[in-house]
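This report refers to the structure that appears directly beneath it.
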Amino acid sequence: MLSEHTIAPDFTLPDAEGRPVKLSDFRGQKVVLYFYPRDNTPGCTRQACAFAAAYDTFRQRGVVVIGVSKDTQASHQRFAAKHQLPFILLSDPDHAVLELYDVWKEKKQYGKVSMGTVRSTYLIGEDGIILKAMPKVKPDTNAADVLAALDALEG
């Protein structure tokens, strides 16, 4: 993972509607940048729904929530519509940003080795500095853990 207290690399990716979204456009706001393996899988759905349930709290605190996976824009549209996800989903089919953020890694499942996204989250400060790097997060507690990290940083 990228190190805390370093600058979060800037990037531009399309959102579910195909509009380009640039990380640096959110300077002046904290950003939760979470990387997940795949739309509409059980863990990723629970994770997204947990962020959706906490979304008003994030918004009240001036925090932007962005989810990134290698899924297509059309997949993100269906995923967001099905689960009423109010936050930004970005499509990285070439996994360039996944690699940039060091979350595209070798994974072993049932003895099979393949490359894939390791579920990870970065909390980025208003100045673009990584405040918290959270590797191998749990889908059910990720949103609450990020809120706890915000409390610790601001408290």
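All residue numbers in this chain count up from 1 along the given sequence. Just so it is clear, the model here is predicted, and its values are computed rather than measured.
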For a quick test of your reading: what N or O donor-acceptor pairs under 3.5 Å do the side chains of residues 141-152 make, sequence neighbours left out?
from, atom 1, to, atom 2, distance (Å)
Thr141, OG1, Asp145, OD2, 3.3
Asn142, OD1, Gln47, NE2, 2.7
Asn142, OD1, Thr121, OG1, 2.8
Asn142, ND2, Thr121, OG1, 3.2
Asp151, OD1, Arg61, NH1, 2.9
Asp151, OD1, Arg61, NH2, 2.8

Practice task
Decide yes or no for Phe26 and Leu33: does some side-chain heavy atom of the first lie under 4.5 Å from some side-chain heavy atom of the second?
Solution key: no
Exercise for the section: With the side chain counted from C-beta on, respond yes when His83 and Asn40 share a heavy-atom pair under 4.5 Å apart, and no when they do not. Expected result: yes
Completion exercise
Distance col, row Leu89:CG vs Phe79:CZ, nearest 0.5 angstrom, shows 7.0 Å
Practice task
Answer whether the closest heavy-atom distance between the side chains of Leu23 and Ile124 falls below 4.5 Å.
Solution key: yes
Handout entry: Asp39: side chain to side chain donor-acceptor pair (under 3.5 Å) partners, not counting sequence neighbours
Key = Tyr36, Ser75, His76
Practice task
Decide yes or no for Asp92 and Tyr101: does some side-chain heavy atom of the first lie under 4.5 Å from some side-chain heavy atom of the second?
Solution key: no
Handout entry: Side chain proximity check, Phe58 to Phe51, heavy atoms < 4.5 angstrom
Key = yes
Problem - Contact summary for Ala52 and Pro86, nearest pair of heavy atoms - result: CB-CD, 3.7 Å
Handout entry: Heavy-atom check, side chain of Lys136 versus side chain of Arg119, under 4.5 Å
Key = no
Practice task
Verify the cluster assignment for Leu98 and Val32: are they in a single hydrophobic cluster under the rule of side-chain heavy atoms below 4.5 Å apart?
Solution key: no
Practice task
Could you tell me the separation between the CD1 atom of Ile129 and the OG atom of Ser3, rounded to the nearest 0.5 Å?
Solution key: 11.5 Å
Handout entry: Same apolar cluster (I L V M F W Y, side chains within < 4.5 Å links), Ile130/Phe35
Key = yes
Problem - Beyond-backbone contact of Arg38 with Ser69, side-chain heavy atoms, under 4.5 angstrom - result: no
Practice task
Say whether, by atom type as modelled, one donor and one acceptor occur between the side chain of Asp15 and the main chain of Ile88 under 3.5 angstrom.
Solution key: no
Practice task
Identify whether Tyr55 and Ile66 are in the same connected component of the hydrophobic contact network (ILVMFWY, side-chain heavy atoms under 4.5 Å).
Solution key: no
Fill in the blank from the handout: Output for pair (Leu131 CG, His5 NE2), nearest 0.5 Å, gives 8.0 Å
Handout entry: Joint hydrophobic cluster, Val118 plus Val137, side-chain heavy atoms closer than 4.5 Å
Key = no
Problem - Spatial distance of atom CG (Asp102) from atom CG (Leu2) [nearest 0.5 Å] - result: 6.0 Å
Completion exercise
Sorted by chain and number, sequence neighbours left out, side chain to side chain contact (heavy atoms under 4.5 Å, CB included) with Met1 holds for Ser120, Tyr122, Ala133, Pro135
Exercise for the section: Kindly indicate whether the side chain of Gln73, heavy atoms from C-beta on, has any atom under 4.5 Å from the side chain of Glu17. Expected result: no
Handout entry: Gln77 side chain vs Ala16 backbone, donor-acceptor pair below 3.5 Å
Key = yes
Problem - Within 6.0 Å of CZ in Arg46, more than 12 heavy atoms from elsewhere - result: yes
Exercise for the section: Indicate the ring-plane relationship of Phe87 and Tyr34, choosing parallel, tilted or perpendicular according to the 30° and 60° boundaries. Expected result: perpendicular
Exercise for the section: To the nearest 0.5 angstrom, please state how far the OG atom of Ser91 sits from the NZ atom of Lys70. Expected result: 10.0 Å
Practice task
Output yes when a side-chain donor or acceptor of Lys107 lies under 3.5 Å from a complementary backbone atom of Thr117, and no otherwise.
Solution key: yes
Handout entry: Test side-chain contact (heavy atoms from CB on, under 4.5 Å) applied to Val65 and Arg59, step by step
Key = CA-CA 8 Å; Val65 176; Arg59 205 174 67 209; over 6 Å; no
Problem - Side-chain ion pair, Glu126 and Lys30, N-O less than 4.0 Å - result: yes
Problem - In one Ile/Leu/Val/Met/Phe/Trp/Tyr side-chain cluster, 4.5 Å: Val68, Met115 - result: yes
Handout entry: Side-chain donor/acceptor of Thr12 to backbone N/O of Lys22, under 3.5 Å
Key = no
Completion exercise
Shortest non-hydrogen pair, Leu100 vs Pro9, comes out as CD2-CB, 3.5 Å
